[in-house]
Amino acid sequence: MSHAEPAPRSLNFIEHVIEGDNASGKWGAWTRQDAASGQDASNPDAHAATEARIGKPRVHTRFPPEPNGYLHVGHAKSICLNFGLARAYGGKFNLRFDDTNPAKEEREYIQAILRDVLWLGADWSGPFGGGLYYSSDYFERMYEWTRELIRKGKAYVCGLTADEVSQRRGKPGVPATSPFRDRPAEDSLRLLEEMRDGKHPDGSMTVRARIDLGSPNFNLRDPVMYRILHQAHPHAGGKWCIYPMYDWAHGLEDSLEEITHSICTLEFEDHRPLYDWFIDAINEARGGAKGSGPGAGLHSQGSAKGEFGPAIHHAQQIEFAKLIPTYTVMSKRNLLKLVQDGTVKGWDDPRMPTIAGMRRRGYPAESLRDFCLGVGVTKADSLIDVGRLENAVRHTLNRSAPRVMGVLRPLKVVIDNWSEGKTDELDFVINPEDPSAGKRKVPFGRELFIEQDDFMENPPRKFFRLAPGQEVRLRWAYIIKCVGVEKDAAGSVVLVRCTHDPATRGGDIPLGPDGKPVRKVQGTIHWVSAAHAARARVRLFDRLFTAEEPGKRTGNALDDLNPRSLEEVEALVDPWLVKNAKVRTRTPMETVHCSSGADSPAAKGPITCPEPDRVQFERLGYFCVDPDSGPEFGGTGQAGMLVLNRTVTLKDTWARESGKA
RNA sequence: UGGGGAUUGGUGUAACGGUAGCACGGCUGACUCUGGAUCAGCUAGUCUAGGUUCGAAUCCUAGAUCCCCAGCCA
């Protein structure tokens, strides 16, 4: 063992389960037919992945969002996990809308979710994609299965109202009750049909599973399978007025899609016995092997066996702890409230922890993926320092973002020994981390602006910036020396007079006879030329909440809102931005394989996504173009207006140190 | 009080009876035309009490603490 082997990445507990399943052959192997279904056949990469898949152990995951809001960073973790597993094991990943409750769901959310999932790179019809599905496309089958369970004596139509069910729920040790539990199957079958036909009002009756009214697990106390809801559905339209409950539907969806590993969050752990019960109940008196392996799924054509047909597929559910970052709220209820209250300007407000918000804020998809990968997967509740997400963003952007100079809070500087009207063109390194990015020119003149923070009349020790009598380097320009200040009536410095050293053009200090620089200048500050600078409206964001865990104190997260989460300043920026920066419209994917064909909102055209250009303002942070900018910047705002978002600051050890003092 | 989960440095996460490791943060220092980046070093941990064992984060017993569940939400 003389040479170092690259350490294999340690597996998380879900990967251990999968590797165990693969070793034992639990889920069988991909067949030729199975391996390609759900994918875009015209994609050559998909074809290659399909060929590679045939014969390998099946790993099929899914991400099942309800379209009742925008996706947030917690969903991003689930997407990365599920898609990442499919890719790592050469399997497939489905996107499935869990659209069982039309009261809360909207088409706008469907579109937003498609955009966000694709933006993150979880391409459901690409090489590792299994297609796009809607639970509502399965309603007919679920209805048939419901009839089957009634016929088997495992379900019944219950005439209790919601309040009555609640009153009769029982307590630990005290069983629930229902007077309708022994209703004859023929009666239930007839009532179910009437429910479907719209003959009964909302809330008047439900279909319930006959399981165990005394179970210590309340999910098993005859849970509701169907409720009446006379409401149009964003995907199914007006076809239904009864809708399946999530608990009844979810395992069936996984079954139909032949999902192997159904990954969800911890709160569904004690629903698992219910899902298992439903599948077992359907498989009772059916043929074929129960419990595992492909059954009567969407893509297989198993021959009918047993009274009710072949056994259906039974996915394995695995639960993990959801992602909770500090200083943010994750519940859709709270996020929706922020939007409806007008606390933020919409689901994609850059302060929101939504994927759309983070994209608009300037976070690259790659950073989100790195972050999600980095936090790991376990069953232990964990609070993730949101600074970790910000670090991931800095890490990506440091390598990729072009540098530019801009002054947020301008202070005027006049170079006394620079002649009026004279302009110099200086070389500016576009990205020191990426020499291939090259150089460009930046204009310099007699009047400049620097950052107010970069000048102090009475500086503390170790203030390596501009101060009376002190020298500083202007980035890529000249060494200047402060020779005087002018103040307004209130005594504030409004203008700094300096001289420049012509021998330091480009920012280099001349070398002495010994080959060493003749003097040392500690500080370098950024600047813009007053005659050339462009104006920009810059939005500076702070955390939306002031508490690590919003709502921990009072129970209401909104009590911890940060009243100063947004500040807007008029900045002066490098004119280069005006010609080069914009919000670009990307088309992440042209074709979409979908269970419901041309009826799907997704099938109505390519999915487009705004992707803002990002830059680093040297010494300040990363910024991106906001769509509130004018049309010339790819936005929808007032013509000529450039609006920038501060994505994240640079690490600032000076601010921390000087703050301590 | 019934049921279901969880507990390893400040934070996140490995180790599956055999040297408690990694990442982030923090602290030093080097380097630097961004007080950025980069590089090097340091820092600090098995919830508690018993038990089994040559050996326990890991197995057993008892306890503590935290999270989830009693929607016709998902």
Side-chain angles (χ1 to χ4, degrees), chain A residues 7 9-13 16 64-66 68-69 98-101 103-105 158 160-166 169-174 176 202-208 215-221 223-229 242-243 245-247 249-250 264-273 319 321 326 332-333 374-385 387-388 391-392 394-395 398-399 403 405 429 432-433 462-465 472-477 479 504 506-509 521-526 616-621 649-658:
Chain A
R9 196 176 69 80
S10 58
L11 302 181
N12 63 47
F13 82 100
H16 276 122
E66 185 192 13
N68 67 344
D98 219 319
D99 51 355
T100 56
N101 185 4
K104 292 187 176 175
E105 296 156 9
C158 177
L160 257 21
T161 65
D163 281 347
E164 288 166 337
V165 170
S166 174
R169 176 105 35 212
K171 283 190 284 213
V174 181
D202 286 6
S204 58
M205 50 184 71
T206 58
V207 180
R208 291 228 256 164
S215 174
N217 180 349
F218 276 58
N219 296 128
L220 265 21
R221 315 250 271 212
V224 172
M225 295 163 64
Y226 266 99
R227 78 282 222 186
I228 302 171
L229 224 48
I242 58 171
Y243 291 94
M245 298 289 291
Y246 173 88
D247 277 346
H250 198 82
C264 66
T265 45
L266 252 27
E267 67 266 32
F268 294 104
E269 209 149 13
D270 49 15
H271 294 236
R272 180 158 27 97
E319 307 87 6
T326 53
K332 279 197 190 162
R333 198 190 118 261
V375 295
V377 183
T378 64
K379 298 190 72 146
D381 300 309
S382 58
L383 189 64
I384 308 286
D385 182 352
R388 240 177 120 136
N391 281 339
R394 290 188 185 101
H395 185 76
N398 177 48
R399 292 173 318 208
R403 268 53 171 180
M405 291 194 288
V429 174
E433 303 295 318
K462 291 193 171 178
F463 182 78
F464 305 137
R465 305 182 189 181
V472 78
R473 173 189 290 108
L474 295 177
R475 180 74 159 160
W476 304 123
I479 308 283
T504 59
D508 298 314
I509 296 173
V521 173
Q522 278 274 19
T524 299
I525 64 173
H526 59 275
Q616 184 198 97
F617 277 18
E618 293 224 4
R619 305 209 308 133
L620 294 178
T649 61
L650 253 31
K651 238 174 81 176
D652 189 347
T653 48
W654 166 249
R656 202 176 52 213
E657 216 167 297
S658 58

Can you pull every protein N or O that's under 3.5 Å from an N or O on nucleotides 40-45 of chain B?
none

Using Watson-Crick and G-U wobble pairs whose two distances are both under 3.5 Å, how do you write the pairing of RNA chain B as dot-bracket, with | for links to another strand?
.((((((..((((....[..))))((((((.......))))))...(((((..]....))))))))))).....
Across the strands shown, which category fits [X] at heavy-atom distances under 4.0 angstrom: base, sugar-phosphate, nothing?
{"X": "A:Gln616", "answer": "base"}
{"X": "A:Ile384", "answer": "sugar-phosphate"}
{"X": "A:Glu618", "answer": "base"}

Atom pairs under 3.5 Å, N or O on each side, protein against nucleotides 14-25 of chain B: can you list them with distances?
none

Would you check if the distance from the ring center of A:His271 to the ring center of A:Phe268 is below 6.0 Å?
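Between A:Phe268 and A:His271, which both carry aromatic rings, the centre distance is below 6.0 Å.
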Tell me, please, which residues at least two apart from A:Lys651 pass salt bridge (charged side-chain N to carboxylate O under 4.0 Å, His left out).
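Testing A:Lys651 for salt bridge (charged side-chain N to carboxylate O under 4.0 Å, His left out), a comparison that skips the adjacent residues, returns none.
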For the side chain of A:Arg619 and the base of B:rG35, is some donor closer than 3.5 Å to an acceptor across the two?
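For A:Arg619, whose side chain was compared with the base of B:rG35, there is no donor-acceptor pair (under 3.5 Å).
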Return the 5'-most residue of the pair A:His395, A:Arg272 with respect to RNA chain B, ranking by each residue's nearest nucleotide.
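Nearer the 5' end of the strand: A:Arg272.
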Going by atom types alone, do A:Arg394 and A:Asn391 pair a side-chain donor with an acceptor below 3.5 Å?
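Short answer, yes.
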Residues forming a side chain to side chain donor-acceptor pair (under 3.5 Å) with A:Asn398, sequence neighbours excluded
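For A:Asn398, the residues satisfying side chain to side chain donor-acceptor pair (under 3.5 Å) (neighbours in sequence not counted) are A:Arg403.
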Reading nucleotides 64-74 of chain B from 5' to 3' and marking B where a protein heavy atom lies under 4.0 Å of the base, S where only the sugar-phosphate is that close, and - otherwise, the string is ---SS-BSBSB
